[in-house]
Amino acid sequence: MRVHIKVNQVQRDCEVESRALLSDLLRDNLRLTGTHRGCDTAQCGACTVHLDGVAVKSCQVLAVQADGSDVVTIEGLAGADGQLHPMQQAFSECHALQCGFCTPGMVMSGVDLLRTHPRPDTATIREALEGNLCRCTGYVNIVEAIRVCADRMAAKGV
Amino acid sequence: MYAFEYERATDQKHAVKKFESYDAPRYLAGGQTLLASMKMRLAQPDALIDLGRVASLKEMNVDPAGISLGAMVSHSTIAQSHEVQQTAPWLSDLAKGIGDRMVRHRGTLGGSLANSDPAADWPAAALALEATIVTDRREIAATDFFQGMFMTALEPSELIVAVRFPQARRAAYAKFRNPASRYAVVGVFVAELQHGVRVAVTGAGPCVFRVPEMEQALVQSFQPSSIEGLHPLFGDLNNDMHASAEYRAHLISVFARRAITSAIHRA
Ligand code: FES
Ligand code: FES
């Protein structure tokens with residue numbers, strides 16, 4: 001089946017099987033391998049992307065369901081000049097990753113949280129990360145990075 | 001996941017017509033349960049009829065007499081709706097506690113009801129609030145809708161269009177989540193309606209059920225202390241690796257009291 005989809009501001013046209021997942025389309029058709037397949041069963045959140053403006057687990061959406069949609073993956077967050085998104089910057093500075101496998105999903109979830117809660121408290125951040133698993137860090141620095149990013153973005157009024 | 005035909009419905013009629021042209025099709029709502037079951041080959045439909053673009057299934061109507069929510073309204077839309085928060089905070093609170101943030105963005109009210117998972121949250125609200133399930137061909141009272149584990153009164157091609165929740169005087173939902181899966185080991189929805197009290201329990205039986213002893217006690221006095229010592233018989237409750245029937249009976253009593261307390265405090 002044909003899927004017309006905008007990914008990171010670029011209009012794409014892909015041929016997929018009806019059973020292909022959005023994560024398959026991103027990784028296999030478009031080679032955007034920053035979207036990680038951790039569990040493929042909607043548990044880990046490593047595959048989180050933004051679909052029409054909200055965070056979803058791309059392993060739990062069919063590619064054909066996303067036909068005509070607008071998708072942002074981790075590759076689409078940094079500026080064209082390579083300038084990191086404030087959330088990526090904060091993850092880096094706060095040492096919010098170790099192996100990095102969960103990181104794309106964590107960053108996409110963090111950005112999605114600030115969309116609805118620009119100044120989240122710790123409990124809100126932890127609740128928002130319920131669908132993202134990290135096996136390395138113990139979460140403390142991930143929560144800290146999201147808080148730091150929120151403070152900075154609020155200070156800059158973005 | 002086995003291969004299947006994919007059809008994108010444009011409106012309700014088209015959806016039903018497409019459904020009826022296959023042998024073993026399924027409607028695809030948010031897909032947060034169905035796609036997972038298909039990956040595990042617990043479900044093997046020959047076609048999926050995608051409801052994602054049927055605008056009429058996403059309507060919401062909030063007025064003082066009650067709330068009508070389209071079948072394809074997502075948990076997250078219900079959780080974030082100011083109108084729902086103002087009129088029936090028990091519904092937005094329940095929606096907020098389903099799955100996780102990403103699942104709530106996709107998962108839908110109608111999908112949850114049609115699936116009738118023994119541990120789903122929405123069936124408890126529907127039963128306790130005496131909701132009406134509006135389909136493409138009739139209206140079904142929640143009391144008649146849930147018939148067993150993954151079983152409902154829906155006919156094969158019947159499509160849930162919307163759910164009408166009448167206004168309650170006060171209500172609340174409280175659940176105990178499995179520490180790993182986060183599904184409700186036990187969830188209790190308590191509602192004080194114009195004409196009585198309803199206590200609906202999810203997670204503890206083959207499907208959602210009411211606890212009449214508690215309801216009668218709460219009509220006398222809507223206080224946590226009224227139901228002290230009351231719980232359903234163990235024999236009817238789920239007994240599995242997550243919790244024994246005795247433990248579930250205990251949890252029902254604890255979470256019913258928590259729900260009553262929060263209903264009182266919010267009102
Ligand atoms: S790969 Fe999608 S949630 Fe784990
Ligand atoms: S940094 Fe290794 S899983 Fe999170």
Side-chain angles (χ1 to χ4, degrees), chain A residues 1-3 16-24 35 37 39-69 105-106 108-117 120 123-133 146, chain B residues 1-10 25-54 72 74-77 79-82 96-108 111 177-183:
Chain A
M1 305 191 72
R2 287 303 308 147
V3 173
V16 295
E17 278 192 82
S18 56
R19 62 181 163 178
L21 304 168
L22 177 57
S23 52
D24 298 331
T35 297
R37 250 184 223 130
C39 62
D40 231 4
T41 52
Q43 325 263 340
C44 74
C47 66
T48 301
V49 301
H50 298 169
L51 173 61
D52 292 329
V54 302
V56 303
K57 292 177 172 174
S58 62
C59 76
Q60 206 72 331
V61 178
L62 295 173
V64 285
Q65 286 178 283
D67 183 27
S69 296
M106 290 289 180
M108 297 311 280
S109 285
V111 173
D112 187 59
L113 172 64
L114 300 193
R115 175 177 61 82
T116 53
H117 297 77
T124 308
I125 297 174
R126 287 187 169 269
E127 202 284 326
L129 296 180
E130 178 137 9
N132 294 85
L133 300 182
I146 295 176
Chain B
M1 194 184 308
Y2 285 118
F4 53 84
E5 294 295 323
Y6 172 84
E7 302 275 5
R8 184 175 299 138
T10 50
R26 294 285 295 268
Y27 288 121
L28 176 61
Q32 301 304 286
T33 301
L34 181 54
L35 295 178
S37 329
M38 288 170 65
K39 288 182 193 173
M40 290 189 283
R41 298 186 172 174
L42 296 171
Q44 298 176 13
D46 63 352
L48 288 185
I49 319 297
D50 184 1
L51 305 172
R53 311 287 160 104
V54 183
M72 285 294 288
S74 72
H75 309 315
S76 134
T77 302
Q80 287 170 23
S81 156
H82 288 293
K96 234 177 262 168
I98 297 174
D100 58 51
R101 195 174 162 91
M102 291 81 98
V103 167
R104 289 194 291 274
H105 282 146
R106 298 290 298 170
T108 65
R177 293 164 151 226
N178 177 297
S181 76
R182 314 303 279 157
Y183 266 100

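Naming: A, B, ... by sequence-line order, numbering from 1 per chain. Please read all numbers here as calculations on a predicted model, not as lab measurements.
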Would you compute the distance between atom [atom1] of [X] and atom [atom2] of [Y] and round it to the nearest 0.5 angstrom?
| X | Y | atom1 | atom2 | value |
| --- | --- | --- | --- | --- |
| A:Leu22 | B:Leu35 | CG | CG | 11.5 Å |
| A:Gln60 | B:Thr33 | CD | OG1 | 8.0 Å |
| A:Leu51 | B:Arg106 | CG | CZ | 5.5 Å |
| A:Asp40 | B:Lys39 | CG | NZ | 4.5 Å |
| A:Arg19 | B:Leu48 | CZ | CG | 12.5 Å |
| A:Leu62 | B:Met38 | CG | CE | 7.0 Å |

Worksheet item: Does the pair A:Asn132 and B:Met102 meet the rule for a side-chain contact (heavy atoms from CB on, under 4.5 Å), with working shown?
Response: CA-CA 9 Å; A:Asn132 294 85; B:Met102 291 81 98; 3.2 Å; yes
When [options] are compared by non-hydrogen pairs under 4.5 Å with chain B, the top option:
| options | answer |
| --- | --- |
| A:Lys57, A:Gln65, A:Glu17 | A:Gln65 |
| A:Val61, A:Leu129, A:Leu21, A:Asp112 | A:Asp112 |
| A:Ala42, A:Gly68, A:Ser109, A:Cys59 | A:Cys59 |

Contacting moiety of [X], where chain B heavy atoms sit under 4.5 Å:
| X | answer |
| --- | --- |
| A:Leu113 | both |
| A:Glu127 | side chain |
| A:Ala20 | neither |

Write down the atom of [X], the atom of [Y], and the distance for their closest heavy-atom approach.
| X | Y | answer |
| --- | --- | --- |
| A:Val64 | B:Arg8 | O-NH2, 2.7 Å |
| B:His105 | A:Val56 | CB-CG1, 4.4 Å |
| B:Tyr6 | A:Ser18 | CB-CB, 3.8 Å |

Worksheet item: Are a donor atom and an acceptor atom from the side chains of B:Arg101 and A:Thr48 found within less than 3.5 Å of each other?
Response: no
Worksheet item: With a cut-off of 6.0 Å (strictly less than), are more than 12 heavy atoms of other residues, nucleotides or ligands near OH of B:Tyr183?
Response: no
Fill in: Basic-acidic side-chain contact under 4.0 Å: A:Glu130, B:Arg177
yes
